[in-house]
Amino acid sequence: LETVLKSLLLTRTLCSSLSLGAGAHALELGLDFAGDRHLYGRSLLELPRARAVLADVCAEYLLVQALSLVGVRSIHTLTGEMSLTSAAIKYLAPTRTDRLISNVGQVLGARALLVDGHACGQFEKLARDHRIVGIFDGNTHVNLHAIVNELPTVARRAGRKPDADALTELFDLHRPVPAFDPQRLSLLSRTGSSVFAALPELVRWLQSLGRHRPELAEATALAERLRQHQDSFVTGLAGHRPARVVPAAAFRAAENFTWYLAGSAALGLWLGNHERHDTAPLWREGLWLRAVLRRVLTALGQPPPRSLTDDDTVLATVLDGHRYAAALSLLTSSPTQRGTR
Amino acid sequence: MSNSNGEEDLERLFGDPFDDHNPVGFRAVLAADSARRLPAAGERLLDEWNCNAEFVPVALGGRWRDVDELGRRLRPVFRRDAALGLGYGVTSLMAAVNVWTAGSAAQQDWLSGELLQRRRTAVAFHELAHGNDLLRNDCTARITDGQVIFRGRKEVINNVERAESVLLLARTGEDTGGRSQSLFLIDKKELSPHPGYLPRWATTGMRACELGGIDVTGCQAPAATLVGLPGTAAETAMRAFQITRVALPSMALGILDTALHLAYRFAVARQVYGQSVSDLPVVRATLAAAFVDLLTADCLATAAARALQLDPRPGAGLAAAVKYLVPQLLDEAMRALSLVFGSTFYINEGPYAVFEKFYRDLPLVSVGHAGPTACLLTIIAELPVLAKRAWRADPAPAALFDLAADLPALDLTRLALLGGRRDLLASSLLADIATADARTPVRVLELMTNMGDQLSMLGRQCLAAAPVERGPAASAAGFQAGERYAVLLAAAACIGFWRHGIPLITDQTGDDTAWIQAALLRLQARLGGGDGALPELLAETLFGQLERRVLQRRSGGLRPTAIFR
């Protein structure tokens, strides 16, 4: 039984690639359609409402991607914490991707529901297929339940100053990760979540970077807001006692934990790699980071105002790419130019 | 309405859907869905009940008196099978309302005769390339010498092949202006040569419905098929939509009603880790929240239907708000309930398999007959006028929230294109806040006051907005104003019914504040305030109320009528 449960820690994490693939496909279909579709005398891409939906879809995709990259690297570097990391990913990645797909469906309108509709029904099939990702290998309920049990440790470890070297190793995508050591997998994390606990330190790094770079002011402000909310979240966790009958509020706390984790992962990923990508529009001045942090704060019930400039830049970047989803990849340094498409 | 118990009649005829031997039960519904064929026994039952009479006004020999009733009386069908509801005849209603609104006496007589003889009419408006942007449709009609000649096709049209007649929207003008399209009510026997039919569209949901297409290129019909004056299609449709965009969502509430019963039964029966799923507080909270969302949606649909009857000049925004928000509430509630089922959701057999079908059917209710964006466009066009003229405290007419009160007969000819002078629901919200007294629980009063403040803020935003915010090029914030308006109308409706006292919610448990608090909390979350999660005490009270209704086999809606017996 233990072997099965431990291997779930890996498969649940890797499930995020199923979501990312489906998300990328939906994104392609949605943007293609929006460019060709004309309503009320305009292309859908010229209508602010459709643009807002599509910009949110891009932000959602970036968020799942950032969390997934950090999660997969954690298998090697924070192996002992995978019980938490894998549950958070298995909860958040499919849920957000379902949402992403349903928002693309909103853009497609009636076609989204036709089996032989847009692009020969590709959309309808991918939406149907992806829905099952959230269910197998541990569903929403199971994953949140797993997190609930570990929240006391998360709270206890949140105040500790994280190991800076370990974080650099985790977040820097150009650093090779150490070999995976299955012996270190554990069904309960003794150290809580280092990525979650790193948020205050990461915010400090961003702040010190921002002192010489005024263009990072907004990203810094968003990150700082997230840190403040996380602070009160941790204080709230102190009152959380493990109980045989888990109250509904504990599930909400588990959900919120996954959002803080995603925000922290995104911030760490940007800090760890931005220097190499400073010419790429997505990375410059923290564009993708801002998009993700806004998404996280919105999900936590603290929606910051929308930035039309950011929406425009994200959409322009994506539409400029040869493959739309590839243009949103956090792994490539410069987007491939649109040409042969 | 005092003289009517059509909803209960039809409930009795359909009987217990959980009974495997019931020919119109869930087992038959699922079989028909797999076969992509409407359930024959279900269609027969509706024929015997003469369902079409519900769509024909009393003055023309039918049973239709009242929009509120119309929605409710069809709910038993949607509690079993939305595809049967749509496939049997809701689209006949959608076509017919245009004729009742703008057709000649002869056309009205003819169509009522057709419907009462259990024939169908299809509503052929839609062309895939133009979506809800009806004014840009390509299908044309040329009127010459007492004849009209058509060119073009209509796509994804329910029943278009098997219906005996069709209401066709076709272009009679060159431009894309509001007077470029006309409506034609055509007995298909009069169409020569015969039209061509396109292959049936396959959909994920409503699989039993015959969604087809028609090609009328070269077909001729008498010019007398024209409904109203040439170029008035947009106007007529905008009037008729005010009825159907309220009535259809009201019927669709039956879907969530059943889903709640299914989810409760599943949660009680299913054991995990040595206890019932229903023992888990998070599951109880999910069910409680979905129950409240059903009540909220029912309050909005019911209040809007009654408002149409009391003042048929509200403008198109009210109905659009119903068609926007109700499907959204249903959709989110169904999504939340689907998690209760876990992996059982994916299993196509057993007593809960029908949930998965309902889940698939629902999006077609949402997109069909104006998707969310089209509805918001209708709303935002009216907001500045409403904000300027109509949003002031004014108590609602007594009959609006009194479910036992008789309503004046519906006058379809008085439906206004542009409203703006009165907004019964918004005014009632403001009046309710102004007249709240010491008997109003503090928590409810706080939530009510917040809704009033939100309406004032919305008013200021609408008055300051540039003209571009009233059309398709509106900003995301402009569209959001439309969403917020719909949420505030729902709050007004909930408060109105709560102050009037909903019969069985109060007398079963004595606690009539739980649901209103929960409803307003969840609506407030839609306006950006909080996460809408119910505090444990509220969730437990509401779960208890839902439990009693399910065990007594009563609806989870505003009126806890007997169902599934």
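Computed from a prediction, not measured in an experiment: that's the story for all the values here. Residue numbers begin at 1 in each chain, while the letters A, B, ... track the order of the sequences.
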Peer 1: Taking atom types as modelled, find out whether B/Glu174 and B/Ser180 have a side-chain donor-acceptor pair closer than 3.5 angstrom.
Peer 2: no
Peer 1: Evaluate side chain to side chain donor-acceptor pair (under 3.5 Å) for B/His130 paired with B/Asp138, printing each intermediate quantity in order.
Peer 2: CA-CA 9 Å; B/His130 304 287; B/Asp138 293 321; 3.0 Å; yes
Peer 1: Quick check on B/Arg335 against chain A: is it the side chain, the backbone, both or neither that has a heavy atom closer than 4.5 Å?
Peer 2: side chain
Peer 1: So which of B/Ala285, B/Ala129, B/Ala525 has the biggest tally of heavy-atom pairs under 4.5 Å with chain A?
Peer 2: B/Ala129
Peer 1: Let me know if A/Ala248 has heavy atoms under 4.5 Å from chain B in its side chain, its backbone, both or neither.
Peer 2: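 Answer is both: backbone and side chain atoms of A/Ala248 are under 4.5 Å from chain B.
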Peer 1: So which of A/Pro247, A/Pro48, A/Ala249 has the largest heavy-atom pair count under 4.5 angstrom toward chain B?
Peer 2: A/Pro48
Peer 1: Would you say the ring centroid of A/Tyr260 lies under 6.0 angstrom from that of A/His229?
Peer 2: no
Peer 1: Go through the steps to decide whether B/Asn137 and B/Gln181 satisfy the test side chain to side chain donor-acceptor pair (under 3.5 Å), and finish with yes or no.
Peer 2: CA-CA 8 Å; B/Asn137 276 350; B/Gln181 308 265 344; 5.1 Å; no
Peer 1: Can you tell which part of B/Leu377 gets under 4.5 Å to a heavy atom of chain A, answering side chain, backbone, both or neither?
Peer 2: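 For B/Leu377, side-chain heavy atoms alone lie under 4.5 Å from chain A.
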Peer 1: Counting only heavy atoms closer than 4.5 Å, note whether B/Ala476 contacts chain A via side chain, backbone, both or neither.
Peer 2: both
Peer 1: Under 4.5 Å from any heavy atom of chain A, what part of B/Asp331 do you find: side chain, backbone, both or neither?
Peer 2: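 The answer is neither part of B/Asp331.
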Peer 1: Can you say whether A/Thr298 sits under 4.5 Å from chain B via the side chain, the backbone, both, or neither, judging by heavy atoms?
Peer 2: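 A/Thr298 has no heavy atom closer than 4.5 Å to chain B.
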Peer 1: Which is it for B/Arg284 and B/Glu536 under the salt bridge (Lys or Arg N to Asp or Glu O under 4.0 Å) test, yes or no, and what are the steps along the way?
Peer 2: CA-CA 9 Å; B/Arg284 299 157 80 88; B/Glu536 194 158 349; over 6 Å; no
Peer 1: Heavy-atom distance under 4.5 Å to chain B: side chain of A/Arg306, backbone, both or neither?
Peer 2: side chain
Peer 1: How many angstroms lie between atom CG of B/Asp33 and atom NZ of B/Lys357, to the nearest 0.5 angstrom?
Peer 2: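 That separation rounds to 5.0 Å.
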Peer 1: Measure B/Leu376 against the heavy atoms of chain A and call it side chain, backbone, both or neither at under 4.5 Å.
Peer 2: side chain
Peer 1: Among A/Arg295, A/Arg51, A/Arg290, which residue meets the salt bridge (Lys or Arg N to Asp or Glu O under 4.0 Å) test with A/Asp310?
Peer 2: A/Arg290
